[in-house]
Amino acid sequence: EKDGPISEVRGTLCCKLANSYVHVDKHQDAVLMYREAIMIQSQIFGVDHLSVAYSLHNLGNCYRDLCEFDKSAECLSKSLTLLSQNYGLDNEDVADTCHCLAETMISRCELDDAVTYLERALAIRRKTLGALDLNIASSLYNLAVISQMKGNWSNAMKYGKEALRI
């Protein structure tokens with residue numbers, strides 16, 4: 001019994017320390033802490049627990065910051081699956097993870113996949129947030145950027161103007 005609470009506390013502390021490392025641009029240290037947290041959370045709560053999903057999300061973002069895009073996509077995809085299983089499809093955390101996955105796909109120049117994730121994030125955000133939420137503007141902005149990258153100037157302007165109205 002004594003190991004359970006101690007390990008749970010250690011897992012929480014690993015996450016908090018990892019977050020601190022990210023804020024001071026020590027992403028390699030953050031990766032180690034997130035990985036340890038995921039190991040602990042998986043052992044205590046099970047591999048499909050929400051705490052694992054959030055740690056995977058953070059780890060995926062950390063890998064993206066390190067330009068390790070394959071690892072980022074893997075972590076964020078696992079997080080998206082767990083969040084969708086736990087919350088359903090119309091949840092802001094699901095939308096946020098879709099948005100982060102889209103940013104990773106943009107970095108990998110997988111623009112069609114990025115659009116798919118951004119459109120999903122945008123649909124959820126429009127459904128769950130107010131019409132003038134900045135997260136909606138962020139999704140629209142990224143859709144505008146992808147449209148520019150693909151040479152679709154009319155869509156780029158449409159998304160850009162819509163983002164500016166927010």
Side-chain angles (χ1 to χ4, degrees), residues 15 18-19 21-23 25-35 37-38 41-42 47-129 131-166:
C15 286
N19 292 338
Y21 280 138
V22 168
H23 289 295
D25 291 325
K26 292 188 173 189
H27 290 84
Q28 292 291 357
D29 293 324
V31 164
L32 296 174
M33 290 292 99
Y34 284 132
R35 290 175 65 188
I38 291 166
Q41 293 162 340
S42 296
V47 295
D48 58 350
H49 193 268
L50 280 172
S51 63
V52 174
Y54 289 115
S55 293
L56 282 166
H57 176 98
N58 292 335
L59 179 58
N61 286 338
C62 199
Y63 278 133
R64 188 181 60 244
D65 292 342
L66 291 168
C67 299
E68 295 185 42
F69 304 122
D70 291 340
K71 290 180 181 178
S72 173
E74 180 183 347
C75 291
L76 289 167
S77 293
K78 287 179 182 176
S79 176
L80 180 60
T81 298
L82 293 175
L83 290 169
S84 297
Q85 287 171 351
N86 280 280
Y87 288 132
L89 301 178
D90 292 333
N91 176 275
E92 178 52 29
D93 291 337
V94 171
D96 187 45
T97 303
C98 285
H99 190 94
C100 291
L101 253 169
E103 290 177 345
T104 295
M105 295 301 130
I106 292 169
S107 298
R108 289 170 55 166
C109 294
E110 296 176 14
L111 301 182
D112 292 336
D113 288 338
V115 167
T116 299
Y117 286 117
L118 283 172
E119 288 175 343
R120 183 173 171 193
L122 184 59
I124 295 168
R125 287 173 169 174
R126 282 186 166 148
K127 195 176 206 178
T128 60
L129 303 173
L132 300 178
D133 191 272
L134 290 178
N135 288 316
I136 293 172
S138 180
S139 293
L140 289 165
Y141 170 79
N142 280 343
L143 285 166
V145 168
I146 292 172
S147 296
Q148 280 182 320
M149 293 170 77
K150 293 173 103 177
N152 187 336
W153 299 105
S154 63
N155 270 355
M157 288 185 284
K158 177 185 84 170
Y159 290 128
K161 286 178 182 179
E162 189 176 348
L164 281 175
R165 284 193 294 271
I166 295 176

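- Within the 4.5 Å cutoff, the side chain of Leu76 has no heavy atoms near those of the Tyr117 side chain.
- Residues Ile166 and Leu140 form a side-chain contact, since some pair of their non-hydrogen atoms from C-beta on lies under 4.5 Å apart.
- Atom CG of Asn142 and atom OH of Tyr159 lie 12.0 Å apart (nearest 0.5 Å).
- A donor-acceptor pair under 3.5 Å is absent between the side-chain atoms of Asn91 and the main chain of Thr128, judged by distance alone.
- Judged by distance alone, with hydrogens and angles left aside, the side-chain atoms of Ser147 form a donor-acceptor pair with the main-chain N or O of Leu143 at under 3.5 Å.
- Under a 3.5 Å cut-off, the side chain of Ser72 and the backbone N or O of Asn61 do not form any donor-acceptor pair.
- Look at Lys158 and Glu162 and you find no salt bridge, because none of the NZ, NE, NH1 or NH2 atoms lies under 4.0 Å from a carboxylate O.
- A 4.5 Å side-chain heavy-atom check between Leu83 and Tyr54 finds at least one atom pair inside the cut-off.
- Evaluation of the side chain to side chain contact (heavy atoms under 4.5 Å, CB included) rule for Asp65 yields His27 as partners, not counting sequence neighbours.
- Heavy-atom contacts from other residues, nucleotides or ligands closer than 6.0 Å to CZ of Arg108 number more than 12.
- Counting only N and O atoms by type, the side chains of Arg125 and Ser139 include a donor and acceptor under 3.5 Å apart.
- Every side chain to side chain contact (heavy atoms under 4.5 Å, CB included) that Ser42 has, sequence neighbours left out, goes to Ile38, Val47, Val52.
- Remark: Ile106 CD1 to Leu111 CG distance equals 7.0 Å, nearest 0.5 Å.
- Take Lys71 and apply the side chain to side chain contact (heavy atoms under 4.5 Å, CB included) test, not counting sequence neighbours, and it matches Tyr63, Glu68.
- Remark: the backbone N or O of Leu134 is not paired with any side-chain donor or acceptor of Ser138 at under 3.5 angstrom.
- Remark: Arg126 does not engage Asp133 in a salt bridge, criterion side-chain N to carboxylate O under 4.0 Å.
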